[in-house]
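Worksheet: one structure, shown below.
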Amino acid sequence: MTTRDLVPEADTGLPPFARRVLRVVGIIPAGRVMTYGDIAEYLEEGGPRQVGAVMSRHGDAVPWWRVVNAGGELPSHLRGEASLHYDQEGTPYDKSRERVNLRLARWGGR
DNA sequence: AGCTTGACCGACC
DNA sequence: TGGTCGGCCAAGC
């Protein structure tokens, strides 16, 4: 018998860590980004790889283009669509290198 | 109780 | 500018 058995509406089906990650992604302001490592540090749980694993499986539910690696990049299959969002949001983005300018766009949670 | 799998990261060459 | 390496740790089996 678990909490989920007793209170199904309190559980989206996602593990607690995944839910925490997605909640943080949801508060990143338009035009800014956080890195995988930033999010793990903000949560004081897990690490960059765990955050990446959550984004890989559940990222489509949130503004996934606002989460990039420590080099300001996303996996190649997502770069095209991400750049459209960066245009709309005015995110500092180096088009030739296909990466966000972290110095200008990185957001720390404030 | 292991073992494997990652949208990772930093140090190093 | 690339490549390798070790460390990282939640989740699923």
Side-chain angles (χ1 to χ4, degrees):
Chain A
M1 195 57 102
T2 65
T3 301
R4 180 171 66 239
D5 297 323
L6 297 171
V7 193
E9 68 277 17
D11 190 336
T12 62
L14 298 183
F17 178 73
R19 295 177 47 177
R20 298 189 70 211
V21 168
L22 297 179
R23 177 150 41 90
V24 175
V25 176
I27 67 173
I28 303 172
R32 309 296 299 278
V33 301
M34 289 180 85
T35 70
Y36 302 103
D38 287 343
I39 290 175
E41 189 178 317
Y42 182 90
L43 292 175
E44 299 184 291
E45 184 180 358
R49 305 191 65 145
Q50 290 62 249
V51 174
V54 170
M55 292 308 289
S56 174
R57 295 191 280 273
H58 311 294
D60 50 339
V62 292
W64 51 264
W65 58 91
R66 298 180 190 152
V67 184
V68 299
N69 70 20
E73 304 172 317
L74 282 168
S76 55
H77 70 284
L78 296 174
R79 291 179 187 178
E81 192 182 342
S83 81
L84 301 180
H85 289 289
Y86 297 145
D87 275 353
Q88 302 180 64
E89 300 186 358
T91 309
Y93 184 64
D94 182 335
K95 286 190 175 179
S96 64
R97 293 177 194 241
E98 299 191 308
R99 68 188 193 195
V100 171
N101 182 335
L102 284 182
R103 200 164 48 164
L104 300 176
R106 197 172 203 169
W107 184 72
R110 224 89 78 236

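So you know, we letter chains A, B, ... as the sequences are listed, proteins then strands, and number each from 1. Hydrogens, waters and symmetry mates play no part in the numbers below; they use all other heavy atoms, side chains included.
The two residues A/Ala82 and A/Leu74 have their closest heavy-atom pair at CB-CD1, 3.7 Å. Taking both residues in full, the closest heavy atoms of A/Met55 and A/Val62 are given as CE-CG2, 4.1 Å, listed atom of the first, atom of the second, then distance. Here the shortest heavy-atom pairing between A/Tyr42 and A/Gly108 reads CD1-O, 4.1 Å.
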Return the polar atom pairs (N/O with N/O) between nucleotides 11-13 of chain B and the protein under 3.5 Å, or none.
none

Provide a list of protein-nucleic acid N or O atom pairs under 3.5 angstrom, restricted to nucleotides 5-7 of chain C.
from	atom 1	to	atom 2	distance (Å)
C/dG7	O6	A/Arg49	NH1	2.9

Please tabulate, one pair per line, each protein N/O and nucleotide N/O from nucleotides 10-13 of chain C that are separated by under 3.5 Å, including the distance.
from	atom 1	to	atom 2	distance (Å)
C/dA11	OP1	A/Phe17	N	3.3

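Nucleotide B/dG10 holds its P atom 10 Å from the CG atom of A/Asn69, rounded to whole Å. Atom NE2 of A/His58 and atom P of B/dG6 are 14 Å apart (whole Å). When rounded to the nearest whole Å, the span between CZ of A/Arg99 and P of C/dT1 equals 7 Å. Rounding to whole angstrom units, CG of residue A/Leu22 and C1' of B/dA7 are separated by 13 Å. In this entry the distance linking CD of A/Glu73 with P of B/dG10 reads 13 Å, nearest Å. As rounded to whole Å, 12 Å separates atom C1' of B/dC9 from atom CD of A/Glu41. The separation between A/His77 atom NE2 and B/dG6 atom P is 13 Å, rounded to whole Å.
A/Arg20 CZ to A/Glu44 CD: the interatomic distance, rounded to the nearest 0.5 Å, is 8.5 Å. Expressed to the nearest 0.5 Å, how far CZ of A/Arg99 lies from OG of A/Ser83 amounts to 15.5 Å. Rounding to the nearest 0.5 angstrom, the gap separating the CG atom in A/Leu22 from the CZ atom in A/Arg57 is 10.5 Å. Atoms CZ and OH, from A/Arg79 and A/Tyr93 in turn, are 7.0 Å apart once rounded to the nearest 0.5 Å.
Few gaps surround CZ on A/Phe17; more than 12 heavy atoms of other groups in view lie less than 6.0 Å from it. Around CD of A/Glu73, the count of heavy atoms belonging to other residues, nucleotides or ligands within 6.0 Å exceeds 12.
A side-chain donor-acceptor contact under 3.5 Å links A/Tyr86 to the backbone of A/Trp65.
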Practice item. Quick one: do A/Val54 and A/Leu14 satisfy side-chain contact (heavy atoms from CB on, under 4.5 Å)? Show the steps, please. Key: CA-CA 10 Å; A/Val54 170; A/Leu14 298 183; over 6 Å; no
Review point. Which is it for A/Trp64 and A/Leu78 under the side-chain contact (heavy atoms from CB on, under 4.5 Å) test, yes or no, and what are the steps along the way?
Key: CA-CA 10 Å; A/Trp64 51 264; A/Leu78 296 174; 3.9 Å; yes
Review point. So what is the 5' to 3' dot-bracket string for DNA chain B, if pairs are Watson-Crick or G-U wobble with both distances under 3.5 Å, crossing pairs use [ ] and | means the partner sits on another strand?
Key: .|||||.||||||
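Here A/Asp94 pairs with A/Ser96 under the side chain to side chain donor-acceptor pair (under 3.5 Å) rule; sequence neighbours left out.
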All N/O donor-acceptor pairs, side-chain side in residues 24-38 of chain A, below 3.5 Å, sequence neighbours left out:
from	atom 1	to	atom 2	distance (Å)
A/Arg32	NE	A/Ala105	O	3.1
A/Arg32	NH2	A/Arg106	O	2.6
A/Thr35	OG1	A/Gly37	N	3.4
A/Thr35	OG1	A/Asp38	N	2.9
A/Thr35	OG1	A/Asp38	OD1	3.3
A/Thr35	OG1	A/Asp38	OD2	3.2
A/Asp38	OD1	A/Arg106	NH2	3.1
A/Asp38	OD2	A/Thr35	N	3.1
A/Asp38	OD2	A/Arg106	NE	2.9

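With C/dT1, B/dC9, B/dA7 as the choices, the nucleotide that has an atom nearest any side-chain atom of A/Met55 turns out to be B/dA7.
Among the protein residues, A/Arg79 comes within range of no part of the nucleic acid, since none of its heavy atoms lies under 4.0 Å from any strand.
Comparing the same atom, C1', in C/dC13 and in B/dA7 gives a spacing of 22 Å after rounding to whole Å.
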